[in-house]
Amino acid sequence: MIEIKNITKKFGDVTAIEDMSFTVPDGSVFGLIGSNGSGKSTLLRIISGVFRPDGGAVEIDGEVTYENPAVKAKCFFISDYPYYYNNSTVTSMADFYRDLYPSWDEEKFKKLCEMFPIGLKDRIVNMSKGMQRQAALMIALSACPKYILLDEIFDGLDPVVRQLIKKLIMDMVAENGTTVMIASHNLRELEDVCDHIGLIHKGGVVMEKDLDEAKLGIHRIQAVFDDEKDEKSFEDLDIVNFKKQGKMIVLTIRGDSQAIEEKIRAMSPVFMEMLPLTLEEVFISEMEAVGYDIDNILG
């Protein structure tokens with residue numbers, strides 16, 4: 001289990017993370033989402049033991065990660081911009097990590113080499129961004145760590161490879177109980193694989209929930225009424241967003257779906273439907289609630 005306990009991290013006068021706390025359950029695929037500069041990459045570096053927090057602690061299986069080789073051997077972190085020496089190849093990187101990870105699976109490595117169209121002896125620094133990510137993933141999955149931390153892993157990958165990566169991640173979770181944490185702005189891809197999400201903004205946690213629970217707590221309603229309605233007509237509901245498109249009113253509302261439906265049907269709509277929200281719509285709604293929306297940005 002990954003436990004983030006009241007951590008704070010500053011870079012000079014800039015506070016990247018402030019008093020952040022939450023838990024990543026074992027065997028979960030945890031999507032870390034947030035605004036630009038919210039602290040996602042910094043958090044992954046703290047969890048993996050690259051950075052030491054200025055306050056609080058991160059513990060993996062009850063042990064602090066920073067300067068703890070035994071704990072680091074359980075984790076594999078792929079940063080947004082993986083670093084490779086000039087002469088690094090997939091073969092040489094495999095030789096390097098094979099000695100670092102006692103859980104290394106040679107059979108898995110051979111199978112991955114067959115799956116990914118990468119020259120094993122080609123210099124990785126000469127490859128495209130997407131191919132470099134594939135090389136890093138081949139090594140990470142072959143190491144069979146208990147925890148895999150991925151930063152913008154889908155960036156630069158074509159649709160076929162993205163589907164392959166998602167399948168490999170899900171297989172590893174199912175077979176080995178691996179815990180995977182993925183920071184990404186690609187919410188559509190996260191929605192396919194994640195069962196938990198953490199939404200952070202300005203270095204703090206806005207929301208941390210089971211993905212299904214996050215979607216169930218907020219709803220989108222489309223309705224048409226005979227009489228004129230404005231936002232005040234729905235003031236007894238917890239309205240996150242109100243839009244009017246001709247006669248159609250589109251509402252994003254927090255609360256119990258049954259109670260919301262009963263209240264709106266009591267207003268005798270000509271037409272009404274309740275639609276499921278995507279993860280992107282949940283993200284936008286929650287961020288609007290903390291003042292991060294396009295109207296405030298345009299200002």
Side-chain angles (χ1 to χ4, degrees), residues 15-22 30-40 43 152 154 182-299:
T15 300
I17 293 176
E18 184 171 13
D19 196 29
M20 183 182 290
S21 297
F22 65 91
F30 191 100
L32 186 63
I33 62 179
S35 52
N36 291 323
S38 59
K40 298 186 299 297
L43 176 60
E152 294 295 350
F154 300 112
I182 310 173
S184 180
H185 290 295
N186 195 329
L187 305 190
R188 176 65 188 86
E189 303 297 346
L190 290 183
E191 195 166 14
D192 284 346
V193 295
C194 294
D195 47 37
H196 286 74
I197 58 166
L199 172 57
I200 65 176
H201 179 57
K202 293 184 177 180
V205 178
V206 175
M207 176 180 67
E208 184 270 306
K209 288 183 179 179
D210 177 279
L211 180 55
D212 289 337
E213 182 186 350
K215 288 183 177 182
L216 288 172
I218 191 164
H219 316 276
R220 184 175 60 189
I221 306 289
Q222 292 184 168
V224 176
F225 298 87
D226 278 331
D227 55 334
E228 192 70 19
K229 300 288 185 187
D230 58 19
E231 192 166 356
K232 290 183 179 179
S233 306
F234 305 92
E235 60 186 4
D236 60 335
L237 294 168
D238 188 1
I239 303 294
V240 177
N241 188 269
F242 175 92
K243 289 182 182 178
K244 198 167 184 180
Q245 302 168 351
K247 289 191 173 182
M248 176 78 75
I249 290 175
V250 182
L251 302 162
T252 305
I253 310 175
R254 281 197 185 86
D256 177 74
S257 60
Q258 186 174 345
I260 292 168
E261 185 172 356
E262 287 175 357
K263 287 183 179 180
I264 294 180
R265 289 205 182 278
M267 300 169 75
S268 303
V270 176
F271 165 82
M272 173 190 162
E273 64 177 347
M274 184 174 287
L275 303 172
L277 268 69
T278 65
L279 179 55
E280 183 168 328
E281 288 169 328
V282 171
F283 172 86
I284 291 170
S285 298
E286 293 293 343
M287 294 304 284
E288 284 177 346
V290 295
Y292 185 77
D293 58 53
I294 191 168
D295 292 334
N296 285 328
I297 292 171
L298 293 175

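FYI, side chains are in, hydrogens and waters are out, and symmetry mates aren't considered; it's all heavy atoms of this structure.
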Should H185 and K40 count as side-chain neighbours, where that means a heavy-atom distance under 4.5 Å?
yes

- Query: Are the side chain of H219 and the backbone of G255 linked by a donor-acceptor contact shorter than 3.5 Å?
  - Reply: yes

Margin query: Parallel, tilted or perpendicular, judged at 30° and 60°: which one describes the rings of F242 and F234?
Written below: tilted

Quiz item: Can you tell me if CD on E18 sees more than 12 non-hydrogen neighbours from other groups inside 6.0 Å?
Solution: no

| task | Report the C-alpha distance between I17 and L43 in whole Å, list the side-chain angles of each, state the deciding distance to 0.1 Å, and finish with yes or no for side chain to side chain contact (heavy atoms under 4.5 Å, CB included). | result | CA-CA 8 Å; I17 293 176; L43 176 60; 3.8 Å; yes

Is the shortest side-chain heavy-atom distance between E189 and S184 below 4.5 Å? no

For the residue pair I264 and M274, establish whether any side-chain heavy-atom pair is separated by less than 4.5 Å. no

Inspect the surroundings of CD in E280 and state if more than 12 heavy atoms from other residues, nucleotides or ligands are less than 6.0 Å away.
no

Applying side-chain hydrogen bond (donor to acceptor under 3.5 Å, both in side chains) to E261 and not counting sequence neighbours gives R265

Within 6.0 angstrom of K243 NZ, more than 12 heavy atoms from elsewhere: no

Go through D192 and R188 one step at a time and tell me if the side chain to side chain contact (heavy atoms under 4.5 Å, CB included) criterion holds. CA-CA 7 Å; D192 284 346; R188 176 65 188 86; 2.6 Å; yes

- Side-chain heavy atoms of L279 within contact of L211, under 4.5 Å: yes

Q) Does CD belonging to E273 count more than 12 external heavy atoms closer than 6.0 Å? A) yes

